[in-house]
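Below is one structure, written out as structure tokens; the observations come after it.
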Amino acid sequence: MDKLSIQGGQPLSGRIPISGAKNSALKLMVAALLTDQPVTLSNIPDLSDTRFLAQLLATLGVEVYWPKGASVCHLNAATLTSTIAPYEQVRKMRASFNVLGPLLAREGHANVSLPGGCAIGARPVDLHLQAIEAMGADLVVEAGYVKAAAIRGLKGAHVNFPFPSVGATEHAMLAATLADGETILENAAREPEIADLAVCLNAMGAKVSGAGTDTIRVTGVPALSGVDHKVMPDRIEAGTYAMAAAAAGGDVTLDDAPVAALGACLSALREAGVQVDADRAAGTVRILRNGRRLEAVSIATQPHPGFPTDLQAQFMALMTLADGTSIIRENIFENRFMHAPELTRLGADIAVRGPEAVIKGVETLHGAPVMATDLRASVSLVIAALAAQGETVVNRIYHLDRGFERLEDKLAGCGARVTRQAD
Ligand code: UD1
């Protein structure tokens, strides 16, 4: 298993290009199942998660042309050869569960394993199933698989989500595009990736309105066409590098950044005393911190437009060095503080009490061997390591490869001393 060695204490300086959004790309790839015509996605990040999904789609009969390292992926689901998404593939990544609705909409039946995914809590799929069932599908959960049938097709439905789940909103939206009649999704999630998916679906001929608000309306159409779509930039990757620059200090400009989607993250950084110059039209965010100590800021994760859970670990890494005490409350996932004990190994002072972590800022962190536990937790260790004195070795970095494209290159391009070591 690969490790990362990081020699910290070096300010960062330079430019970092932001890749396409992983969480958007995954759902856009699934959308290719809805049409028998070619779907071309550009600005697609080459990550282990997007590669896993490409493999699953290929198992279902989708022709995938995506050379290694290429940022354009061609998908063609002219004929589907299987409607079974096996455990071995779905367990690797939760977003694969979203093939259920499109398979049902297109083929009338599907057999999809219940997912695995990051070890950050229970993460059930009840809201997904509630929506698909409301659209008239018959569902049976048997031996770890959801067996679904909608022999006469899916029907438009009124779904009121008890919680704005990103995955369930996208799943229902995908399925509803080919359903008979109108679907209304209330208390829908408002994440920018949902709006990106709607833009792509509408370009395929779907009738989706309200994506990005809490009420989404979808009028079903009989068939969708192919599309060329550019994946939106990754707001979590952008926020992560912004926090890395804030932690290590220096002067870093993010290029191709989704400025409008970064509101809560950039506000928190400004509150911590970091200079943030964001240019929406140019898609750039400049992060500057020279010498001045960070101020402690408390945050609570919320569905978008609140502070994203996917940046909580990174912000905690930053707050370990702040002047004062900050409280971080995790409201989305119940077990998302696995990074706290690892950050403590670097000298951080963190006490976890249920859904809250109390972080007393220290003046310096010191390098140590640490273990990556999940995707966002791993990168929080990289951030802390960049700011720490001495060497940190981050083990089990396959978690990082799930979600961060060319992480070492991007950081090294700004002067960070980061090297990957094969075990
Ligand atoms: C997506 C993102 C993930 C992010 C999360 C929240 C992708 C591929 N992943 O995950 O990076 O952290 O949004 O912004 O886009 N829940 C249920 N029942 C369900 C579905 C969800 O109880 O059927 C709960 C989950 O356990 C969790 C909360 O709802 O506590 C939020 O989950 P959700 O918004 O669905 O996250 P994902 O779509 O899995």
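Just so you know, ligand 1 is whichever comes first in the structure, and atom 1 is the first atom listed for that ligand.
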Check: Asp310/Gln312 side-chain N/O donor and acceptor closer than 3.5 Å: no

- prompt: With atoms numbered from 1 as shown, which atoms in ligand 1 lie under 4.0 angstrom from a non-hydrogen atom of Thr309?
  reply: 6 (C), 12 (O), 14 (O)

query: Do Thr309 and Glu330 have side-chain atoms, one donor and one acceptor, less than 3.5 Å apart?
result: yes

Centroid separation Phe307 to Phe315 less than 6.0 Å: yes

query: Does some non-hydrogen atom of Arg336 fall short of 4.0 Å from ligand 1?
result: yes

statement: ligand 1 to Arg94, heavy atom cutoff 4.0 Å, flagged ligand atoms 20 (C), 39 (O)

Pair Glu342, Thr373: side-chain N/O donor-acceptor within cut-off below 3.5 Å: no

- prompt: Charged N to carboxylate O under 4.0 angstrom, Lys27 versus Glu170?
  reply: yes

Atoms in ligand 1 with a heavy atom of Asp126 nearer than 4.0 Å: 17 (C), 18 (N), 19 (C), 22 (O), 23 (O)

message: Test your reading of the structure: does Ala168 have an N or O sitting under 3.5 Å from an N or O of ligand 1?
response: no

- prompt: Any luck finding a side-chain donor-acceptor pair between Thr284 and Asp279 under 3.5 Å?
  reply: no

query: Judged by non-hydrogen atoms, does Lys27 sit under 4.0 Å from ligand 1?
result: yes

- line: Counting from 1 in the order shown, the ligand 1 atoms closer than 4.0 Å to a non-hydrogen atom of Gly167 are 35 (O), 38 (O)

message: Counting only heavy atoms, tell me which of Ser165, Pro124, Pro164 gets closest to atom 19 (C) of ligand 1.
response: Pro124

Sub-4.0 Å atoms of ligand 1 with respect to non-hydrogen atoms of Phe163: 28 (C), 29 (O), 31 (C)

- request: Could you tell me whether Asp46 and Arg51 make a salt bridge, using a distance below 4.0 angstrom between a side-chain N and a carboxylate O?
  value: yes

- prompt: Per the side chain to side chain contact (heavy atoms under 4.5 Å, CB included) rule, which among Glu356, Met319, Arg353 passes with Ile327?
  reply: Glu356

- prompt: Is there at least one pair of N or O atoms, one from Phe333 and one from ligand 1, spaced under 3.5 Å apart?
  reply: no

message: If we set the cut-off at 4.0 Å for heavy atoms, which region of Ile236 has an atom near ligand 1: side chain, backbone, both, or neither?
response: neither

Options Asn23, Asp310, Asp374, ranked by nearest heavy atom to atom 12 (O) of ligand 1, top entry: Asp310

